[in-house]
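Here the structure is laid out as C-alpha cells; the discussion comes afterwards.
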Number of protein chains: 2
Amino acid sequence: MLSQTTEYALRALAHLAREGTDPSARTAEETILQAEEIASALDVPRNYLSKILHALSREGILASTRGPRGGFRLAAPARDIPLSRIVKVFEPQLLADEQRCIMGRTVCSDDDPCSAHEHWKGVSRSVRAFFARTTLEDLATRGDGPTGGGGENDE
Amino acid sequence: MLSQTTEYALRALAHLAREGTDPSARTAEETILQAEEIASALDVPRNYLSKILHALSREGILASTRGPRGGFRLAAPARDIPLSRIVKVFEPQLLADEQRCIMGRTVCSDDDPCSAHEHWKGVSRSVRAFFARTTLEDLATRGDGPTGGGGENDE
DNA sequence: TATAATTATCATAACCTAATGATCAATACG
DNA sequence: CGTATTGATCATTAGGTTATGATAATTATA
C-alpha cells in the first residue's frame, strides 16, 4: 500500500527515533546518524536512501549537517511527528481529502454517488485517520507487552 | 490506492453491470459489449483495456466470445461478484492476509510488534473487509435515494 | 467458402520508480 | 591551509506500469 520509498523513509526515521536510547544523547533529536550507518543498519541502498533523507530535510522533518561528525537528526521529538507528515512527502495523493470514488473521480461523485460511495469514503477516512494520529514514536517503541509476546489473533 | 489497471477493470465491469438495463437482455450477464464500445464509453485506451478484459476472462469473471457479435459479458450476476475477486487479479498483495507492519514485514512482527502494529492491522482489515463485502452491483447502482435501498454501516 | 467482425497476442515506446556509481560542495580538525 | 569526512547532486541503468500500433486467430454470416 505504501511505496518502497515511503517504507524506507519510515524505517529510517523510526531507526533515528529509537537511537534516542543512545546514552550520549539526552533526547532523540540530539542523536545524529550518518546516511551510511542508517543504510547499513536497515540494509537499504545507500545513495537511494541519501535522496530520501535529503527530501525529509527539505521538508523540515530532519536536520542535516555536512562534513565530519555530520549526519541527520530528527528536527522535532518523535512524538510530535505524525506519519501523515512523512507520507505526504512521497505520496500526497494517498492522504488527499479529495479522492471520491474507488473507480476514479470522474465516474461518480458526492452528488451522484454509487452505492459503495459512502463505504469507500469511510475506509479512506480511516486510513487518513491512522496516519494523522500515529506518530514516529509509535513506530519506534515496542507494543503492548502484557498480552504481547503471546497469543495474537489474525482474522 | 489502486493502480490504473485495477481502476479500469472496475469501471469496465461496472459499465457492463449497468448495461443490464438494456431491454434486449433480461439480465446483466446476458448483456454483451465489445471492447471497443467499453473503451470509448469509458475513454480508456482500447488495446490496454483489451488486455485487462482478457485477464478478467481468464479468471472466469468475464466470458468472452470472438468473431462477429462477440464481446464480453459478466460470467455471473453482478451481486455475486465481490470486488475482492477483481482486485486480487491485479494487485494480490493488497488483499494478502500477510502484510504485518507498515514498515515492512522484516521490521516488526506479531511476535515483536511496534506500538502502531495493531492499529495498522485494523486499518488493513477494514480495507480487506470493504473489498470482500462490496459487490459489482454496488458499483453499478446509484446510492442513497431514500435511505439507499440498503442499510449503511461503516466500521 | 469468403469476408468482415471481433478477441487474442506481439512488439515496442513512454514514463515512472528503484537502484547504482561517480563527482561536487561544505566543513571539522589537525 | 590541507585533508578527510560527510551530505548533495548528477548521470545512467534496470524494471515495472501504462500506452500504442500492428498482426494473428476465431467465428458468424452472406
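Lettering follows sequence order; numbering is per chain, from 1.
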- Side-chain contact check for A:S3: nearest option of D:dT18, C:dA19, C:dA18 is C:dA18
- Are side-chain heavy atoms of A:F131 and B:I102 found at a separation under 4.5 Å? yes
- Message: Taking the minimum atom-to-atom distance to the side chain of A:P45, which one of C:dT20, C:dT7, D:dA8 wins?
- Response: C:dT20
- Message: Between A:S124 and A:R128, is there a side-chain donor-acceptor contact under 3.5 Å, judged purely by atom types and distance?
- Response: yes
- Phosphate oxygens OP1/OP2 of D:dG7: is one of them under 4.0 Å from a side-chain N or O of A:R46? yes
- Note on the structure: Ranking C:dT9, C:dA19, D:dA4 by distance to the side chain of B:K51, first place goes to C:dT9
- Query: So which nucleotide from C:dC29, D:dT27, D:dA8 ends up closest to the side chain of B:R66?
  - Reply: D:dT27
- If you look at every strand shown and take non-hydrogen atoms under 4.0 Å, does A:S57 touch a base, only sugar-phosphate, or nothing? nothing
- Spacing between B:M1 atom CE and D:dT17 atom C1', to the nearest angstrom: 19 Å
- Note on the structure: Atom CD of A:Q34 and atom C1' of C:dA26 are separated, to the nearest Å, by 15 Å
- Message: Return whichever of B:E36 or A:V44 has its heavy-atom-nearest nucleotide of DNA chain C closer to the 5' end.
- Response: B:E36
- Message: Measuring to OP1 and OP2 of C:dA18, would you say a side-chain N or O of A:Y8 lies under 4.0 angstrom away?
- Response: no
- Rounded distance (Å) that lies between atom P of D:dA19 and atom CG of B:L53: 14 Å
- Message: Let's go through B:H119 and A:R133 carefully: what are the C-alpha distance in whole Å and the side-chain angles of both, what is the deciding distance for side chain to side chain contact (heavy atoms under 4.5 Å, CB included) to 0.1 Å, and is it a yes or a no?
- Response: CA-CA 10 Å; B:H119 291 294; A:R133 72 169 177 250; 4.3 Å; yes
- Quick one: sort the A:Y48 and A:Y8 rings into parallel, tilted or perpendicular, breaks at 30° and 60°. perpendicular
- Query: Under the side chain to side chain contact (heavy atoms under 4.5 Å, CB included) criterion, do A:F90 and A:L56 qualify, and how do the steps go?
  - Reply: CA-CA 10 Å; A:F90 302 104; A:L56 292 168; 3.8 Å; yes
- Does the side chain of A:H54 get closer than 4.0 angstrom to OP1 or OP2 of D:dA8 through an N or O atom? yes
- Message: In this structure, how many angstroms lie between the P atom of C:dC16 and the CD atom of A:Q4, rounded?
- Response: 19 Å
- Item | Length of the CZ-C1' vector between B:R73 and C:dT7, whole Å | 15 Å
- Quick one: is B:S64 getting a side-chain N or O under 4.0 Å of the C:dT6 phosphate, OP1 or OP2? no
- Item | Proximal nucleotide (of D:dA8, C:dT7, C:dA4) relative to the B:P68 side chain | C:dA4
- Query: Does the side chain of A:Y48 get closer than 4.0 angstrom to OP1 or OP2 of C:dG21 through an N or O atom?
  - Reply: no
- Look at all strands and tell whether B:F90 reaches a base, only sugar-phosphate, or nothing, counting heavy atoms closer than 4.0 Å. nothing
- Rounded to whole Å, CG of B:N47 lies from P of C:dT7 at a distance of 11 Å
- Message: Give me the atom names and distance for the closest heavy-atom approach of A:I81 to A:A76.
- Response: CD1-O, 3.8 Å
- Note on the structure: Taken to the nearest whole Å, CZ/A:F72 to P/C:dA26 is 16 Å
- Taking atom P of D:dA19 as reference, at what distance in whole Å does atom CG of B:D43 sit? 11 Å
- First of B:T65 and A:T6 reached from the 5' end of DNA chain C, by closest nucleotide: B:T65
